[in-house]
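Per chain, numbering begins at 1; letters A, B, ... match sequence-line order. Scope of the values below: all heavy atoms of this structure, side chains included, with no hydrogens, waters or symmetry mates.
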Amino acid sequence: SGGGGATTGSKPLTIGTTDKVTVLDPAGSYDNGSFAVQNQVFPFLYNTPYGSPDVQPDIAASGDFTSPTAFTVKLKPGLKFANGHDLTSSDVKFTFDRDLKIADANGPSSLLYNLASVDAPDKTTVVFNLKTANDQVFKQILSSPAGPIVDEEVFPADKLATDQEIVKAHAFAGQYDITSYDFNNLIAYKANPNYDGVLGKAKTDIVNVKYYASQSNLKLDVQKGNIDVAFRSLSPTDVANLEKDSKVTVYHGPGGEIRYFVFNFQTQPFGTKTADADPAKALAVRQAAADLVDRDALAKNVYKGTYSPLYSYVPDGLTGATTVLKDLYGNGKGGPDAGKAKKALADAGVTTPVKIDLQYNTDHYGESSSDEYAAIKSQLEAGGLFTVNLQSTEYVQYSKDRKAGVYSVFQLGWFPDYSDADNYLTPFFYNPTDKEAFIINHYDDPAVDALILKQGVTSDKAERAKLIEEIQAKVAAQLPTVPLLQGDQVAVAVKGVSGVKDTLDASFKFRYAALSKG
Amino acid sequence: MASIPAPQKRGLLRRLPIVHQLRQSVGLQRGMLVAGLILTAAFLLTAIFAPLLAPYGFSQLRDSAGNFGTQLPPGGKHLLGTTVGGYDVLSRVIWGSQTAALVIIVAIILSIFIGIAIGLISGYIGGWLDRVLVTIGDAVYAFPSLLLAIVMSIVISGGRSDLFGGILSAAISITVVFIPQYFRVIRAETIRIKSEAFVESAKVIGAGSGRIMFRHILRNATRTLPLIFTLNASEAILTLAGLGFLGFGIEPTSAAEWGYDLNKSISDVTSGIWWTSVFPGLAIVLVVLGITLVGESLNDLADPRLRTRRRTAGEAPSVATESAIPGGSLDVVGHVDQLEERA
Amino acid sequence: MSSLAKGEQAVGITDLTVTFATDGGDVRAVDGVTLSVNAGEVLAIVGESGSGKTVTAKTILGLLPETATATGAVLLGHDNVVTISHKRLREIRGTSAAMVFQEPSTALNPVYTVGWQIAEGLRAHGKYSRAEAKAKAIEILDKVGIPDAEHRVNYYPHQFSGGQKQRVVIAMALVLDPELIVADEPTTALDVTVQAEILDLLRRCRDEFNAAIVLITHNMGVVADLADRVAVMYEGEVVEEADVTSLFGNPQHDYTKRLLAAVPYLGSGTVHTRERAAERALTVSEPLVVAKNLEIEYPGRLGRGGFRAVNGVSFEIGAREVLGLVGESGSGKTTIGRAIGGLTSITGGSLTVLGQEMLRVKERQFRPLRSEIGFVFQDPATSFNPLLSIAECVAEPLIVHGKAGDARAARSRVDELLEAVQLPKAFGDRFPHELSGGQRQRASLARAIALQPRLLIADEPTSALDVSVQARVLELFAELQKEFGFAALFISHDLAVVDILADRIAVLYRGELVEEGTGAEVLGAPQHPYTKRLLASLPVPNPAEQAKRRAELQLLRTEG
Amino acid sequence: MTTTAAEVTTPPGAPEQKSRSKVRGGGLGRYILIRFLLIFPTVFILVTLVFLLMRTIGDPITASLGGRLNAEQLQERIHAAGYDRPVIVQYVEYLGQIFTGNFGTTISDNRPISTVLLTYGGATLELAVYALIVAFIVGIPLGMLAAYLRDRWPDAVLRVLAILFYATPVFFAGLLLKLVFGVWLGVLPIAGRATTSTELQMQLLPNKTGIYLIDALQIGDPAIIGDVLSHAVLPAIALGLLTAGVFLRLVRTNVIGTLSADYVDAARSRGVSEFRLVRKHAYKPALIPIITVIGLQIALLLGGAVLTETTFEWKGLGFMLAQYLSARDFVAVQGIVALLAVIVAITNFIVDIVAALIDPRVRY
Ligand SMILES: Nc1ncnc2c1ncn2[C@@H]1O[C@H](COP(=O)(O)OP(=O)(O)OP(=O)(O)O)[C@@H](O)[C@H]1O
Ligand SMILES: Nc1ncnc2c1ncn2[C@@H]1O[C@H](COP(=O)(O)OP(=O)(O)OP(=O)(O)O)[C@@H](O)[C@H]1O
Ligand SMILES: [Mg+2]
Ligand SMILES: [Mg+2]
């Protein structure tokens with residue numbers, strides 16, 4: 001397979017995925033499918049090199065805080081887009097101004113919450129004026145879906161560019177250029193000779209990406225060798241089955257995705273808004289739940305090892321990640337412990353069994369959610385401490401209800417915008433009275449808020465890591481949410497494809513440039 | 001004239017259409033009818049006695065011995081193995097019949113009354129009302145039922161997935177598709193009967209429209225209902241399965257539903273785990289086969305041209321001009337004349 | 001041309017017995033029939049409905065359904081059809097024997113041109129090029145008297161009139177010039193005028209093509225007109241066989257006698273008429289129905305011009321008076337009847353029924369009068385609700401008009417009515433399909449007179465019945481009329497039948513009333529040419545006389 | 001309305017004849033006209049139906065973005081899109097748009113619906129045609145055979161087969177087909193409409209139709225044509241058999257019906273062979289009702305297409321419909337469904353005309 005377009009030494013490579021692209025224009029999309037493409041073709045000022053979770057200048061030469069609120073980036077000289085247009089500071093300014101101006105609902109502009117304005121004093125200098133001082137996360141943001149730099153000569157300033165416009169104009173300066181674009185069906189990439197950044201040149205000249213709707217078809221095609229690599233997403237069953245297949249290799253890498261369930265502090269049993277409100281009892285209920293969940297079982301039975309247990313709020317692989325819940329709850333080795341749960345409840349004087357309504361969703365958090373939560377139900381009920389009423393709801397309704405506080409205990413999942421611990425803390429637990437955090441469970445701890453702010457502006461790596469650990473510990477004690485699983489990134493490649501391991505890193509960006517066949 | 005059955009006996013027979021037909025049928029036709037009846041009966045019994053037959057609950061994942069474990073091959077504690085979610089396939093299949101039956105019943109009860117009522121009125125009154133209703137009916141009838149069902153189920157369930165919400169939405173979705181069918185058939189019959197002499201004689205006697213419709217037409221027009229009933233039943237199952245397959249079905253924790261299970265087990269098949277999909281699939285096929293066999297046989301027996309034997313004089317009502325064979329009538333669906341009527 | 005010489009045997013049936021396997025056990029349809037027909041001869045098989053005529057005919061061509069088993073021998077040439085192989089059977093079908101069916105419009109395939117259908121017959125028995133086949137088709141169509149055949153050969157059946165269709169059917173039979181033509185009620189579906197023409201055609205088949213013809217009919221007039229020999233069938237057996245004159249002259253078997261006695265003769269009615277006229281004279285009263293240049297137009301769909309079925313018709317029906325309405329099919333008889341019964345609304349002129357003007361009348365206004373009007377429909381089979389018992393049906397009017405609460409309450413009255421129409425009480429519990437046609441028609445009479453109406457409308461009440469049965473029903477009708485003294489509109493296409501009952505006869509032609517008067521006037525001295533032709537076309541069950549009339553008809557035709 | 005038999009064996013004077021004679025008076029042209037005008041109410045009703053249903057779900061914006069935006073942002077966008085105006089106003093506007101062929105823009109991946117329809121319509125059309133071919137090839141001869149051998153065992157077998165075709169959900173059939181031909185035998189591709197290389201080459205075509213067979217023919221490389229066809233086999237069978245089942249029964253019933261007509265007996269009495277009776281004399285009259293009903297199969301076909309396309313990754317309208325449904329993008333759904341409505345209406349129109357053309361009683 002493969003072929004088409006011009007070829008050089010390297011064998012063309014075909015990749016299959018069940019991702020869905022929504023819009024190619026970075027200002028108009030904020031989803032994995034589109035970002036996966038943008039990562040290949042758009043340049044970033046900052047990016048995560050292979051194998052590391054931390055960001056470094058990509059097409060930028062350097063970047064520093066020239067003042068607490070002024071983050072200045074120097075571009076490498078003589079950068080060009082694949083179409084020959086110069087890539088200068090004005091393109092960069094154009095990109096971010098545009099993002100903020102359009103502020104598309106499906107777009108990532110919300111990530112630029114801390115960006116006041118952008119200046120381009122000269123061809124290679126960009127100055128980002130921030131709202132809060134020495135924001136350590138901003139570099140990460142520059143590598144996030146808000147980061148791709150676009151060609152001002154191609155993209156309209158005030159509205160989204162259509163996919164055709166972008167592809168036709170070859171407004172790309174990432175590792176790849178797109179030669180043929182068949183929406184959500186087939187994209188043909190060709191290495192972009194003009195790219196000169198931290199990731200280096202592409203190993204494979206021509207890459208074709210085939211878009212599938214059904215995981216089983218993707219699986220069958222990689223098994224039959226119709227495609228060389230299958231990345232995102234194979235059903236747990238498929239992965240388990242492919243592991244046994246000698247013709248292909250299954251690669252696991254750390255995944256940024258986390259799955260967890262949330263307690264609504266107001267409506268959960270003994271919650272502040274309930275008739276028998278009692279913080280102590282409420283906490284006991286949460287602890288008991290944490291004691292009872294069996295993450296290994298979930299990871300093995302339901303997800304066939306495509307997810308791994310998550311014992312903290314910051315997933316494994318990121319700087320500052322811990323396993324605090326392992327020590328605090330369950331049998332101390334990560335397994336469940338009914339006795340401990342019983343005790344927790346008894347000590348707080350909670351009469352068992354505790355009735356809880358557990359809400360989950362399948363059309364957004366994946367078909368397997370129903371199996372996952374069926375399993376959790378039976379885990380919680382195992383010791384007779386809980387009686388769980390399971391309820392699933394279609395996503396639109398689901399998100400409305402949970403925001404309205406209809407659900408007392410409910411499932412959520414998170415996929416990071418950028419690979420930094422901050423992205424797993426701020427949106428969840430940074431909860432000053434003026435602004436509600438994304439999970440909206442009325443959990444509020446000023447101390448935690450303070451710490452979160454602090455880590456955000458601490459430039460010293462080690463010190464910041466300590467703060468992050470501290471936050472995790474504090475939160476773990478109160479359990480606003482119970483983390484369950486951390487998604488592995490799973491890629492399957494036919495024998496003879498190399499480089500998969502390199503790109504399955506904590507950057508959570510799958511780069512085709514790393515792959516080669518031969 | 002040797003043996004003249006007394007009225008009440010005929011009444012009884014009429015109340016038990018199947019029995020009546022069974023007695024008429026002969027040879028292969030009877031064979032098919034019987035086969036169909038057996039399958040259907042099996043289905044209904046399973047549905048009724050599911051609680052007794054099923055070894056486990058439809059959402060049961062563990063028993064005293066702990067978790068079932070997922071995707072166990074058939075045998076041992078789980079005759080038909082377990083699913084990716086760790087459910088017992090056999091139990092799911094058995095409970096599934098209950099869901100299917102429920103949906104069919106609700107759907108058909110809902111549609112049959114509305115359909116008959118408007119069919120009768122539209123056909124008898126005629127005129128503009130009739131034309132409008134016919135156009136609407138045909139429009140809906142001609143439209144892919146699955147699509148309508150999907151749209152409806154979104155509308156109705158609003159995403160809820162509990163047994164009631166699920167079944168009701170599935171049922172109502174299907175209802176919307178069926179009403180036109182009953183409407184067509186009853187209307188066609190009504191129009192046919194309306195022009196028969198005995199209705200006219202009722203008219204000249206001076207009987208009121210109400211009396212004519214309900215005493216003279218209705219009972220003669222409902223002859224073909226058992227037939228449509230069966231055919232719709234099978235269509236209902238397929239539609240339900242279709243919904244479940246497209247993810248508009250009922251969540252496993254609230255009810256067992258074959259289409260849903262099939263959907264969930266697709267990836268299993270490609271991994272050589274066949275039992276999770278084959279059994280629910282077979283369940284669907286067999287039930288539909290059974291019910292359709294019954295329906296087809298009824299259709300044949302009702303049609304003197306299709307019956308193997310000519311029937312004894314008099315009680316030979318010719319087949320409905322609108323037998324609602326899945327995906328459309330087997331007879332002409334009205335031609336120029338019908339068109340003229342409509343236009 | 002038939003290959004046989006005149007007088008050679010075309011078909012010989014010996015001891016034929018046919019039984020059908022039915023749900024209700026075996027039915028013996030034909031029982032030991034022995035017949036033979038020679039070239040150039042017409043054998044008529046008569047007998048009442050169900051006597052086995054058609055089955056016999058079908059056996060000759062081996063057209064019986066699988067459910068039938070035939071024993072005995074049917075010799076076509078040297079082949080015994082009963083035992084012969086399928087292949088051979090196919091070969092002799094059409095060549096040795098051809099069939100003419102009762103209903104021309106169903107015997108022709110609506111989606112193929114008649115030319116094609118004629119050619120089919122040829123193709124089945126030999127190689128013919130398109131052109132040849134067509135040429136032959138044109139030739140034969142021409143022979144059977146289809147005008148400009150070379151055009152019409154490409155017409156579809158629906159483009160022919162009923163009579164022409166029957167000619168085409170006959171042409172199909174003739175094109176393979178078979179030794180034998182089996183005609184099963186070839187004229188029953190046709191108007192008398194047309195019937196006469198078809199009978200002539202068949203006669204030509206015999207004389208010019210020297211074909212042997214088996215003519216199946218229950219119309220003794222037709223027999224008298226065409227047949228050389230007659231076989232009378234009764235319950236599957238041939239009860240009598242004789243040449244036509246002697247059969248009509250002195251019938252042997254008493255069924256035959258009854259049959260002939262039952263046949264209505266023209267002019268037989270005038271006697272009663274006079275009596276009744278006398279009676280009525282005593283009680284003079286204003287007419288019940290008055291039509292003044294009545295117009296009825298059926299709405300054409302979608303602004304297409306409507307169809308005017310009745311055009312400027314005027315007549316009256318006095319109390320206790322019977323008006324007979326005759327005319328060919330489609331002339332508007334039923335329409336008028338329905339209009340008087342308030343089933344079809346009139347579109348012009350004026351029609352007063354029992355003092356009620358029917359132009360733009362509301363059902364509400366008319367309903368009370370309905371109790372005064374009785375209605376008898378043509379087809380007894382369909383005029384009863386199959387799900388109600390006879391008693392219930394007869395009770396309907398009583399219940400509707402509040403004379404009784406429900407069927408049970410009305411039962412005693414119903415029994416009286418059944419008595420009145422000479423049906424045993426017990427029949428009340430039967431269902432319509434459990435009665436014979438005649439019985440059903442009695443029952444519907446009972447229903448019609450249940451409320452002792454002043455006016456009764458009978459639309460061809462006997463045309464679906466056998467002659468013998470018809471006679472009895474007509475008698476009954478007369479008696480009832482005498483007893484209950486209702487006025488009646490009696491619709492029929494059979495002059496003879498009308499003549500029996502009617503005080504006055506109105507002749508309808510293409511929606512217009514061309515002649516009206518007492519039976520004596522209209523039948524005795526017809527004025528309008530159509531009436532004349534109608535009279536002349538009506539075959540009388542008397543060979544000698546029929547021959548005469550035929551001559552007269554020829555005259556009329558030539559006059560135009 | 002008339003049964004098959006009545007269609008062809010109408011006694012003179014019966015209502016059919018009457019209206020028939022009138023139709024003849026009017027002629028085919030008028031018939032076509034009437035029938036054509038009938039399209040509009042049909043489409044109108046369906047579109048209205050869909051519109052109202054969709055609105056009862058709530059406005060599309062909330063549906064697709066409700067999860068992501070907060071209240072005021074939502075309000076903004078809803079207002080911007082005008083979904084807060086009275087339904088009747090929106091409805092009138094919507095009708096206007098459809099009339100001008102503008103179905104709006106999808107919300108999930110803002111593409112003009114018209115583009116979506118154009119891009120994927122071809123695929124669905126292609127699949128439908130393949131399926132119909134299968135259905136005809138399988139359904140009609142077998143149906144005639146069954147009628148010919150009625151009530152003997154081959155008849156029974158064929159009928160059960162027909163029911164099985166119908167009774168097997170498309171996706172289940174698809175699953176089995178994939179398993180057998182794709183996985184075990186490995187002779188046929190299991191998903192997609194063509195291999196990557198083929199599709200890449202097609203991308204280069206200056207004027208690609210989206211109907212792969214045509215595009216493949218444009219390229220003219222037999223290998224590619226083969227590739228395209230081989231991809232079509234399984235979906236065509238899965239969808240085709242579904243309809244074939246119905247066709248088979250349809251043909252059987254109607255042919256048997258006409259076989260019992262007098263004119264067949266008449267033909268028989270003239271020595272026409274049994275087979276020819278079925279083949280010619282019974283079949284053609286039966287064809288009229290058959291065709292009319294086949295028209296209704298388009299509904300079954302399109303419904304099945306949704307499932308078939310999803311099962312086989314056949315990226316056509318059905319496939320996209322399923323996608324947009326799961327994305328809760330109801331503007332898109334509405335657009336596609338509306339188009340399908342039009343297709344259905346038009347197909348039935350054409351079919352009726354064809355039927356009328358076959359029926360000489362109408363033709364003039
Ligand atoms: N296919 C059949 N199956 C069972 N019984 C039959 C069948 N055909 C005819 N019969 C019976 O055979 C008997 C003779 O039928 P046949 O049609 O010959 O009567 P007929 O003399 O032609 O009457 P008609 O004048 O009404 O045509 C009737 O009792 C009829 O019920
Ligand atoms: N409902 C109708 N719509 C249109 N035309 C009709 C309708 N009923 C009857 N006609 C036409 O009116 C004319 C008279 O019909 P009618 O039934 O009165 O004839 P008839 O004298 O009763 O014939 P027959 O002896 O066959 O019963 C016929 O040409 C018929 O085609
Ligand atoms: Mg007969
Ligand atoms: Mg009449």
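- By the neighbour-count criterion of 12 heavy atoms within 6.0 Å, atom OH of Tyr365(A) is densely surrounded, having more than that number from other residues, nucleotides or ligands.
- Taking a 6.0 Å sphere around CZ of Phe113(B), one finds it holds 12 or fewer heavy atoms contributed by other residues, nucleotides or ligands.
- Heavy-atom distances place the side chain of Lys304(A), and not its backbone, under 4.5 Å from chain B.
- Here the shortest heavy-atom pairing between Tyr260(B) and Ser370(A) reads OH-OG, 3.3 Å.
- Atom OG of Ser271(B) is separated from atom NZ of Lys244(A) by 7.0 Å, given to the nearest 0.5 angstrom.
- More than 12 heavy atoms of other residues, nucleotides or ligands shown are found within 6.0 angstrom of NZ on Lys77(B).
- Chain B forms the most heavy-atom pairs under 4.5 Å with one residue out of Ser214(A), Ala374(A), Ala375(A), Ala382(A), and that residue is Ala374(A).
- Contact annotation for Gln223(A): only side-chain heavy atoms (C-beta onward) come within less than 4.5 Å of a heavy atom of chain B.
- Within 6.0 Å of NZ in Lys224(A) there are more than 12 heavy atoms belonging to other residues, nucleotides or ligands.
- Contacts from residues 233-241 of chain A to chain B, taken as heavy-atom pairs separated by less than 4.5 Å, involve Ser235(A), Thr237(A), Asp238(A), Asn241(A) in sequence order.
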